[in-house]
Structure formats: C-alpha cells, structure tokens
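Letters A, B, ... mirror the listed sequences (proteins, then strands); counts begin at 1. Model, not experiment: these values are computed from the prediction.
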Amino acid sequence: MPARANPAVIDAEHARFLQGAVSIIVASRNASNQPELVRAHGCRVSRDRRQLRLFVDAAQAGELLADLHGNGLVAVVFTEPSSHRSLQVKGEGARIVRLRVDEPARVEAYRAAMVGELGRIGISEALTRALLFTGGEEVALQFAPVQAFVQTPGPDAGRPLGANA
Amino acid sequence: MKLGLDAIRECFDGTVPGVMATCAPDGTPNVAYLSQTEYVDEEHLALSFQFFNKTRRNILANPQAKLLLIHPQTAAMYRLTLRYLRTETEGPLFERMRAKLAGIASHTGMSGVFRLKGSDVYRVLAVEQVPGRPLPAPPPRRNLLAAVRAGSQRLAGAGDLAALLEAMFATLRGEFDIHHAMVLLLDEQGQKLFTLASCGYEHSGIGSEIPLGEGVIGVAAREGTPIRIAHMTGEYAYGRAVRDALARGELAGRLETEIPPPGLSESRSQLAVPVSAGRRLLGVLYVESPQDLRFGYDDEDALVALAAQLGLAIAAFREAVDAAGEPAIAEACTVSPGGPPVAVRHYAENDSVFFGEDY
C-alpha cells in the first residue's frame with residue numbers, strides 16, 4: 001500500500017490481474033435502477049492506477065452506453081476462469097471515449113491471452129474468439145475506481161480490498 | 001422471431017457460468033457470477049441462492065435484474081431481462097437444483113463451498129441475442145423427437161412386463177445410445193425402491209434397494225421430479241452411499257436385502273426420471289454414463305415422455321396380473337452385456353426375489 005493519505009483503490013498486483021487474461025463483465029443501471037451488462041474485451045489501468053479503461057463493442061452494449069451518459073456509474077467483475085479468482089470494481093464518472101492508437105493492439109493481445117487461459121480449461125480457440133468477437137465499433141469506457149471487492153466464491157466474497165490485514 | 005427460453009436452455013447447462021447485474025436501492029450497480037441457472041418453464045427460470053451476498057440483498061430490495069448467458073457450443077450471448085418473484089427452499093425445483101449444484105461443486109472443486117440455500121425464481125421478461133458472430137451449432141446427435149416416437153412404438157408393442165422392460169432398454173440403447181440403465185419400483189409401503197431390471201452392468205443388482213430420498217434415484221422418487229447431474233458427485237452417488245451405509249450397518253431395519261445396487265464406478269452423468277401411472281408414483285427410470293454432460297434438457301424431456309408411457313403400461317400389466325392372482329411382479333427381465341435375460345420374480349408377501357429358478 002503506498003504511503004499516501006488517499007491511496008489508489010487498485011494496488012500494483014491488482015492492476016496486473018485486471019490487465020491479464022481475465023473475463024470482464026461491466027454493468028450499469030438506468031434512471032429506474034434497471035441494470036444492464038455486457039462483456040468487455042480487455043482493461044487498461046492508468047499509470048497512477050486511478051483510471052481504468054475497458055474496451056467494449058458499442059453494438060453489443062445494449063442500454064449500457066446510454067446509462068453511462070446518464071449517471072456514469074459502473075460495476076465491473078474481473079474473473080480468472082482457471083482459478084475462479086474474482087474482483088469487483090465499482091466506478092464513477094464513466095465516459096465513453098475513442099480507442100487510443102495503441103489500444104486496438106491491446107484488444108488483440110487480450111484475445112490471444114484469453115485463448116491461452118480458456119484453453120487451459122478445455123475451451124477451444126474458435127469458441128473463445130467467437131466469444132470475444134467485435135462486429136461493431138470498439139469504444140473505451142473510462143472511469144475512476146472508487147471501491148474494489150474480493151468476489152472469489154466463498155466466505156470472503158464481498159470483502160473490500162485491503163481489509164484482510 | 002421471439003426467442004423462446006427453451007431454445008436457449010443449453011446455456012444453462014454450460015460450463016461457462018452466467019453473470020447477473022443487479023442494482024441496489026441507492027443506485028449502485030452490482031455484477032456477479034452465478035453457479036447455476038435452471039429452466040423452470042417458458043416464462044420462468046431459477047437461480048441458485050447460496051450466499052447472503054450483494055446480489056441477494058439487491059434483488060430483495062429491487063427485483064430488476066439482467067442475466068448474461070453464453071451458449072456452450074456456439075458462444076452466442078443472450079441477455080435476459082428478469083424480475084425476481086420468490087425463493088423456494090424445499091420441493092421439486094429446490095431438490096433438482098440442489099442435486100445439480102452438488103455436481104457442479106464437485107466438478108469445480110467447490111464442494112463444501114457451494115450449498116444451496118434456496119431456489120430464486122424469476123420471471124423472464126425478455127430474451128435478447130447480443131450481436132456477434134457465434135460458431136455454427138453442431139448437428140444434434142440424434143433427432144430426439146424421432147427417437148421418442150420409435151421408442152413409443154416399441155413400448156406399445158410389448159405384450160408383457162418382461163417385453164416392456166426389454167423394449168425400454170432396447171430403446172435406450174438403440175435410439176438414445178444409452179447403455180447403462182435400470183428400472184426401480186416403489187415398494188408397497190412407499191418407503192424404498194427395489195431394482196426390477198437393469199442393463200449394462202456387470203452385476204444386475206436385481207432386488208437391491210434404495211431408501212426413498214437417498215441419492216439421485218431416491219430424491220427423484222420422493223420429490224416426483226427428474227434429477228439430472230452433469231458431473232458426478234460423491235454426495236449423490238446413491239450406489240456408494242448405500243453400499244457404505246450397508247457396510248456400517250446404518251441401514252439395518254430400513255433395508256431388508258443386502259444386495260448391492262448396480263452402478264457404474266466411473267459414473268459422470270446421471271438422470272433419474274420418476275415413473276408414474278397418472279398421479280401414482282410407481283418407481284424410477286435411471287440412466288447413467290461415464291461421460292460428463294451426457295444428458296441435457298432435451299434428453300430429460302424425451303425420457304420423461306417415455307417414462308409416462310412406461311408407467312401406464314406397467315400399471316396395466318400389474319392390474320392384469322393381480323386380477324389373475326399372480327405374484328405382484330412377474331417375469332421381469334434383466335439384460336447384462338452378452339448374457340442371457342434373467343427372469344425375476346419378486347414376491348411382495350415376503351420380499352423374496354427369484355432369479356430364473358434361483359432364490
């Protein structure tokens with residue numbers, strides 16, 4: 001934990017986890033508290049770990065982009081399929097932005113990493129690529145993480161990060 | 001065309017778990033993986049309630065939810081709009097899910113972590129396919145409607161109980177490629193099931209008994225609902241449980257025979273379907289396989305349809321036999337691989353079982 005008055009919610013080890021071969025599902029809600037969710041295709045953590053960017057196919061996002069325009073609230077679950085290890089991150093101030101020049105390559109690298117990870121639990125490359133297919137325009141959802149929780153199934157699920165000491 | 005819930009049931013059996021988004025009353029969204037999704041009917045599904053977690057608190061306060069499902073063979077994604085209705089903590093749906101969850105838990109190394117507290121029933125308000133490029137669906141192993149028709153004709157052609165059971169096993173082998181099966185009947189006291197006939201086992205286990213409520217078979221009978229497990233689990237390994245209990249002497253007084261039940265030692269998929277005549281439970285049709293994920297919702301539907309006919313036919317033959325003053329069960333037959341059929345007589349008066357001419 002950095003010795004700062006107001007440390008980042010995400011530490012360096014978590015940043016590596018979030019940017020690795022993990023399934024990413026992002027959720028929002030509208031003005032009537034009706035939730036929405038979609039699968040994302042990779043995550044980028046800013047250098048100071050105070051901003052996350054998720055890559056999402058706009059055509060797949062359903063009501064999620066409209067929800068984010070409305071209130072900017074997100075919940076994201078990151079799960080490593082082979083170990084069930086899961087983290088949930090809550091965020092605020094989510095904006096929909098274009099991908100940076102180097103980010104399409106990150107999305108590709110993410111797909112390749114997932115082919116390897118899901119391959120370890122017997123899922124074929126063709127199936128993984130179909131699962132992570134982008135048909136429309138890929139957009140980035142950028143937001144500030146405000147809370148993070150352990151969500152690996154079991155008694156610790158829901159424990160805030162940093163509360164284990 | 002509107003997507004029916006039964007058209008995407010395979011997503012519920014998949015190895016890729018569903019994910020659900022909910023929202024707290026203060027407007028904070030939440031997203032979490034589910035262990036189990038169960039098809040209830042065209043307008044309802046049930047989700048496993050295992051932990052008092054955020055998802056749980058949210059749906060009790062705000063019943064709106066969205067579920068993301070993935071087809072295990074094509075990777076097609078579906079988004080379901082749900083509304084939470086109620087939680088069931090006993091009865092057929094709960095027992096079906098509890099048995100299945102035990103299988104999932106054992107398969108994923110989560111035994112002892114996953115335990116069903118309740119079945120959360122939701123109304124399905126909308127089913128939407130997420131745009132993408134799914135893989136083509138593999139052709140089905142067999143058109144199961146055609147298999148049911150062929151089986152139904154075979155059963156209808158049987159002239160007595162022995163021929164009926166043989167027709168059932170021949171149908172399972174020939175039309176469904178199912179090679180390990182047994183038919184068990186409920187005893188007159190309604191307390192235990194005894195094996196009437198079996199096929200595909202080294203030891204036929206004819207006459208072996210399973211207490212009502214024990215394992216996949218006993219629970220299917222007690223609850224009057226099919227129990228289907230895609231991954232073998234110790235907890236519901238009826239054969240092992242009964243054998244172990246016999247060894248410990250725990251079933252003294254509950255079982256009168258000590259014939260070990262038949263069963264595959266490497267059973268991976270199991271399906272027990274109640275056999276009834278109208279509303280009267282007669283017994284259970286049980287099938288198993290050494291393969292994981294061998295029986296799906298469609299197999300279950302097919303065997304439920306055939307079991308209905310089997311039950312009515314068993315009842316009709318029994319009535320005919322009773323009217324003629326013969327023993328309650330006569331001339332049942334077992335089929336072991338390569339072996340000749342063995343005629344079995346089970347006398348209800350003293351619970352004796354005859355194999356051919358042997359006691």
* Is chain A contacted by the side chain of B/A24, its backbone, both, or neither, given a heavy-atom distance below 4.5 Å? -> backbone

* Do the side chain of A/E36 and the main chain of B/K66 share a donor and acceptor less than 3.5 angstrom apart? -> no

* **Interface residue of largest heavy-atom contact number with chain B, from A/L131, A/L127, A/T128, under 4.5 Å** => A/L127

* Asked: Which bit of B/R133 comes within less than 4.5 Å of chain A, counting heavy atoms only: side chain, backbone, both or neither?
  -> both

* Asked: Is it the backbone or the side chain of A/Q60 that comes under 4.5 Å from a heavy atom of chain B, or both, or neither?
  -> both

* Asked: More than 12 foreign heavy atoms under 6.0 Å from CD of B/E90: is that the case here?
  -> no

* **Distance-only side-chain donor-acceptor flag, A/Q88 / B/N30, under 3.5 Å** => yes

* To do: Find out whether B/I70 and A/R39 are in side-chain contact, i.e. whether some heavy atom of one side chain is under 4.5 Å from a heavy atom of the other.
  => yes

* B/T81 portion near chain A, given a 4.5 angstrom heavy-atom threshold -> side chain

* Which atom pair, heavy atoms only, marks the closest approach of B/P131 to A/A59? -> CG-O, 3.3 Å

* Heavy atoms only: give me the nearest B/A75-A/A130 pair and the separation to one decimal. => CB-CB, 3.8 Å

* To do: Answer with side chain, backbone, both or neither: which region of B/V130 has an atom nearer than 4.5 Å to a non-hydrogen atom of chain A?
  => side chain

* Asked: Checking A/V26 against chain B: side chain, backbone, both or neither under 4.5 Å from a heavy atom?
  -> neither

* To do: Determine the minimum heavy-atom distance between A/L37 and B/V31, stating which atoms define it.
  => CD1-CG2, 4.3 Å

* Side chain to side chain, B/R79 and A/V38, heavy atoms closer than 4.5 Å -> yes

* Structure fact -> Pair count under 4.5 Å, heavy atoms only, with chain B: among A/G135, A/G136, A/A126, highest is A/A126

* Taking C-beta and beyond as the side chain, do B/C23 and A/Q34 meet within less than 4.5 Å on heavy atoms? -> no

* Asked: Mind checking whether A/F133 and B/P134 have side chains closer than 4.5 Å, heavy atoms only?
  -> no

* To do: Go through the atoms of A/R129 and report whether side chain, backbone, both or neither lie under 4.5 Å from a heavy atom of chain B.
  => neither

* Give a yes or no on this: more than 12 heavy atoms of other residues, nucleotides or ligands lie within 6.0 Å of atom CD of A/E63. => no

* Structure fact -> So, the part of A/A61 with a heavy atom under 4.5 Å from chain B: the answer is backbone

* With no hydrogens and no angle check, is any side-chain donor or acceptor of A/R29 less than 3.5 Å from a backbone partner on B/G27? -> yes

